[in-house]
> 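Let me give you the structure first, and then I'll get to my questions.
These numbers were taken from a predicted model, which means no experiment stands behind them.
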Amino acid sequence: MDGSLLNDDKELSPDFEKVYQQLRDKGIYFAVASGRPSYSLVPQFSFFKHDIFFICDNGAFIDLGSEVIVINPFRKEAILPLIDDARITPGVNLILCGIETAYVESDDLEFMSEVSKYYKKIEHVNDLSKLDISVLKVAMCDLKTWKANSWPVWEKYQSQMTVAGSGDIWVDFMPIGINKGAAIHLLQQKLGISPAETMAFGDYLNDVEMLQEAKYSYAMENAHPDVKKVAKFMAPTNNDHGVIRVINDLVLRDA
């Protein structure tokens with residue numbers, strides 16, 4: 001979504017609905033994969049009738065319309081060290097991502113401004129460690145940028161869980177085995193679709209596994225350099241609606 005399908009103003013291409021309908025007329029499925037939760041992702045497409053598949057929270061939650069799949073939420077004890085580390089690291093705040101709501105401790109205005117861009121249901125609590133909920137994902141917001149500030153704190157968790165940068169100020173934590181690529185693989189199995197029949201687009205580090213599941217893997221021109229190394233092809237920037245342009249040129253050119 002962000003940095004790929006949406007432009008920097010968080011807008012879909014004006015041609016999106018037309019292109020989507022042409023894809024479905026050709027029997028081609030369309031899936032949106034994002035670090036965003038379902039309740040923030042799905043409403044963006046409510047302006048028209050569709051059967052889009054939604055891969056949410058970096059693959060922890062899959063909405064197939066007729067079926068919802070929740071994959072392996074965190075054990076509570078696994079996220080307690082993350083909470084402790086966030087509290088003692090300057091510039092850092094955490095979001096615990098539940099199925100229906102995001103939970104935060106901080107009410108810092110700059111932090112909340114960033115959170116509200118992606119999480120439309122937010123609840124403030126006094127102590128994240130006391131919550132008794134299913135946590136699909138933990139999102140870390142580092143207002144000083146994680147590369148410059150807090151990466152040494154989070155690097156050690158790579159052996160215990162999936163750790164993926166999802167933006168300059170965002171790092172996402174999921175249980176081992178949870179990522180967009182694993183969700184795409186599950187979807188391919190359910191639909192009987194091979195990697196050779198799959199096209200994927202991405203711009204940031206949490207897209208790498210997804211791109212590896214597709215023969216036609218595209219990095220956006222605005223993508224992180226490491227994403228460009230993984231992808232087989234390049235798409236124009238998100239502000240040039242690169243996803244829609246590639247689909248039009250390669251998939252729908254005879255439509």
Side-chain angles (χ1 to χ4, degrees), residues 1-2 4-6 20 23-24 27-46 48-79 82 95-103 118-123 131-139 157 160-164 166 170-202 204-217 243:
M1 280 288 283
D2 303 287
S4 297
L5 188 59
L6 302 181
Y20 169 80
L23 289 174
R24 293 304 294 123
I28 297 171
Y29 291 101
F30 191 89
V32 174
S34 176
R36 296 194 196 193
S38 173
Y39 52 81
S40 293
L41 192 60
V42 175
Q44 189 142 14
F45 297 85
S46 62
F48 74 107
K49 185 177 180 180
H50 62 76
D51 56 3
I52 293 172
F53 300 131
F54 294 96
I55 295 170
C56 313
D57 288 305
N58 283 328
F61 185 97
I62 305 174
D63 185 346
L64 303 177
S66 60
E67 179 185 3
V68 169
I69 303 172
V70 179
I71 305 177
N72 189 27
F74 269 118
R75 291 175 295 106
K76 184 175 181 179
E77 57 267 27
I79 63 177
L82 290 171
I95 307 164
L96 299 194
C97 303
I99 294 174
E100 297 181 352
T101 307
Y103 299 86
Y118 309 105
Y119 299 90
K120 303 307 179 186
K121 297 181 182 178
I122 305 166
E123 184 174 332
L131 284 173
D132 185 18
I133 61 167
S134 291
V135 176
L136 302 178
K137 181 188 78 174
V138 178
Y157 289 100
Q160 307 166 41
M161 58 188 71
T162 300
V163 182
S166 58
W170 295 101
V171 174
D172 291 337
F173 305 87
M174 291 78 63
I176 289 288
I178 301 297
N179 56 63
K180 293 180 184 179
I184 288 291
H185 184 72
L186 186 153
L187 197 54
Q188 288 169 332
Q189 290 182 316
K190 289 183 73 70
L191 298 174
I193 292 171
S194 70
E197 299 171 298
T198 305
M199 177 179 283
F201 300 83
Y204 214 79
L205 301 174
N206 59 333
D207 296 321
V208 167
E209 293 90 351
M210 176 180 67
L211 295 176
Q212 292 170 331
E213 292 293 329
K215 178 179 179 179
Y216 301 96
S217 58
V243 173

> Give a yes or no on whether K215 atom NZ has more than 12 heavy-atom contacts from other residues, nucleotides or ligands under 6.0 Å away.
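Open: at most 12 neighbouring heavy atoms sit under 6.0 Å from NZ of K215.
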> What salt bridge (charged side-chain N to carboxylate O under 4.0 Å, His left out) pairs are there with at least one residue in residues 179-192, not counting sequence neighbours?
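Sorted result for residues 179-192: E67-K190, K180-D207.
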> Is there a donor-acceptor contact under 3.5 Å from the side chain of T162 to the main chain of P175?
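The answer is yes, because a donor-acceptor pair under 3.5 Å joins these two groups.
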> Looking at OH of Y39 and CD1 of I99, how far apart are the two atoms once the value is rounded to the nearest 0.5 Å?
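Rounded to the nearest 0.5 Å, the OH-CD1 separation comes out at 10.5 Å.
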> Can you check whether L186 reaches I71 side chain to side chain, under 4.5 Å on heavy atoms?
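Yes - at least one pair of side-chain heavy atoms lies under 4.5 Å apart.
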> Check the pair M161, F74 against side-chain contact (heavy atoms from CB on, under 4.5 Å), reporting the backbone distance first and the verdict last.
CA-CA 9 Å; M161 58 188 71; F74 269 118; 4.0 Å; yes
> Sequence neighbours left out, what passes ring pair (Phe, Tyr, Trp, His ring centres under 6.0 Å) with Y20? Give chain and number order.
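Testing Y20 for ring pair (Phe, Tyr, Trp, His ring centres under 6.0 Å), a comparison that skips the adjacent residues, returns F48.
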> With heavy-atom distances below 4.5 Å as the criterion, would you say the side chains of D2 and Y118 are in contact?
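Counting from C-beta outward, D2 and Y118 do come under 4.5 Å.
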> I'd like to know if the side chain of S40 reaches the main chain of K120, judged simply by a donor and an acceptor atom lying under 3.5 Å from each other, with no hydrogens or angles considered.
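Yes: the side chain of S40 pairs with the backbone of K120.
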> Closest heavy-atom contact between G35 and N58?
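Smallest heavy-atom distance, with atoms named: CA-OD1, 3.3 Å.
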> Tell me whether the guanidinium CZ or amine NZ of R36 lies under 6.0 angstrom from the six-membered ring centre of Y119 and within 45° of its axis.
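Judged by the rule, R36 and Y119 form no cation-pi pair.
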> Please walk me through it: do R24 and Y29 pass side-chain contact (heavy atoms from CB on, under 4.5 Å)?
CA-CA 6 Å; R24 293 304 294 123; Y29 291 101; 3.9 Å; yes
> Find the distance between CG (N72) and OG (S134) and round it off to the nearest 0.5 Å.
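Rounded to the nearest 0.5 Å, the CG-OG separation comes out at 10.5 Å.
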> Can you measure from CG (L82) to CZ (F173) and round to the nearest 0.5 angstrom?
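Reported to 0.5 Å precision, the distance equals 5.0 Å.
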> Considering only heavy atoms from C-beta outward, does the side chain of W170 approach that of Y204 to under 4.5 Å?
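No; the side chains remain at least 4.5 Å from each other.
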> Search all heavy atoms of A31 against all heavy atoms of L187 and return the closest pair with its distance.
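Answer, listing the atom of A31 first, then L187: CB-CD2, 4.0 Å.
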> Under 3.5 Å, is there a donor-acceptor pair between the side chain of Q188 and the main chain of E213?
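Yes, because the side chain of Q188 sits within donor-acceptor range (under 3.5 Å) of the backbone of E213.
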> Quick one: are I62 and F53 in side-chain contact, heavy atoms under 4.5 Å?
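Result no, sub-4.5 Å side-chain heavy-atom pair not found.
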> Would you indicate whether the side-chain heavy atoms of L5 and F201 approach each other to under 4.5 Å?
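The answer is no, as the side chains (C-beta and beyond) never meet within the 4.5 Å cut-off.
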> Treating D63 as the side-chain partner and G65 as the backbone partner, does any N or O pair qualify as donor plus acceptor under 3.5 Å?
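Yes, because the side chain of D63 sits within donor-acceptor range (under 3.5 Å) of the backbone of G65.
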> How close do G98 and I133 get, heavy atom to heavy atom, and via which atoms?
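Reported closest heavy-atom pair: CA-CD1, 4.3 Å.
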> Can you measure from OG (S34) to CG (L41) and round to the nearest 0.5 angstrom?
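Going from OG on S34 over to CG on L41, the span is 5.0 Å.
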> Between the main-chain N or O of C97 and the side-chain N or O of T101, is there a donor-acceptor pair closer than 3.5 Å?
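No, because the side chain of T101 does not come within donor-acceptor range (under 3.5 Å) of the backbone of C97.
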> To the nearest 0.5 angstrom, please state how far the OH atom of Y216 sits from the OG1 atom of T198.
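Answer rounded to 0.5 Å: 10.0 Å.
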> Quick check: closest heavy atoms across N179 and A182, and the distance to 0.1 Å?
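That closest heavy-atom pairing would be OD1-N, 2.7 Å.
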> Quick one: CG on L64 to CD1 on I69, what's the gap to the nearest 0.5 Å?
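Here the rounded value is 4.5 Å.
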> What heavy-atom pair brings E100 and K121 nearest, and what distance separates the two atoms?
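For E100 versus K121, the nearest heavy atoms are O-CD, 3.2 Å.
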> Evaluate the criterion side-chain contact (heavy atoms from CB on, under 4.5 Å) for residue pair D57 and I178; output intermediate values, then yes/no.
CA-CA 9 Å; D57 288 305; I178 301 297; over 6 Å; no
> Against S166, only a single residue in D172, V171, L205 fulfils side chain to side chain contact (heavy atoms under 4.5 Å, CB included); can you say which?
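Between S166 and the candidates, side chain to side chain contact (heavy atoms under 4.5 Å, CB included) is satisfied uniquely by D172.
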> Please give me the minimum heavy-atom distance between G59 and I55, naming the atom from each residue.
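Minimum heavy-atom contact is CA-CG2, 3.6 Å.
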> Using side-chain heavy atoms (C-beta onward) and a distance below 4.5 Å, is M199 in contact with I28?
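With C-beta onward as the side chain, the pair stays apart.
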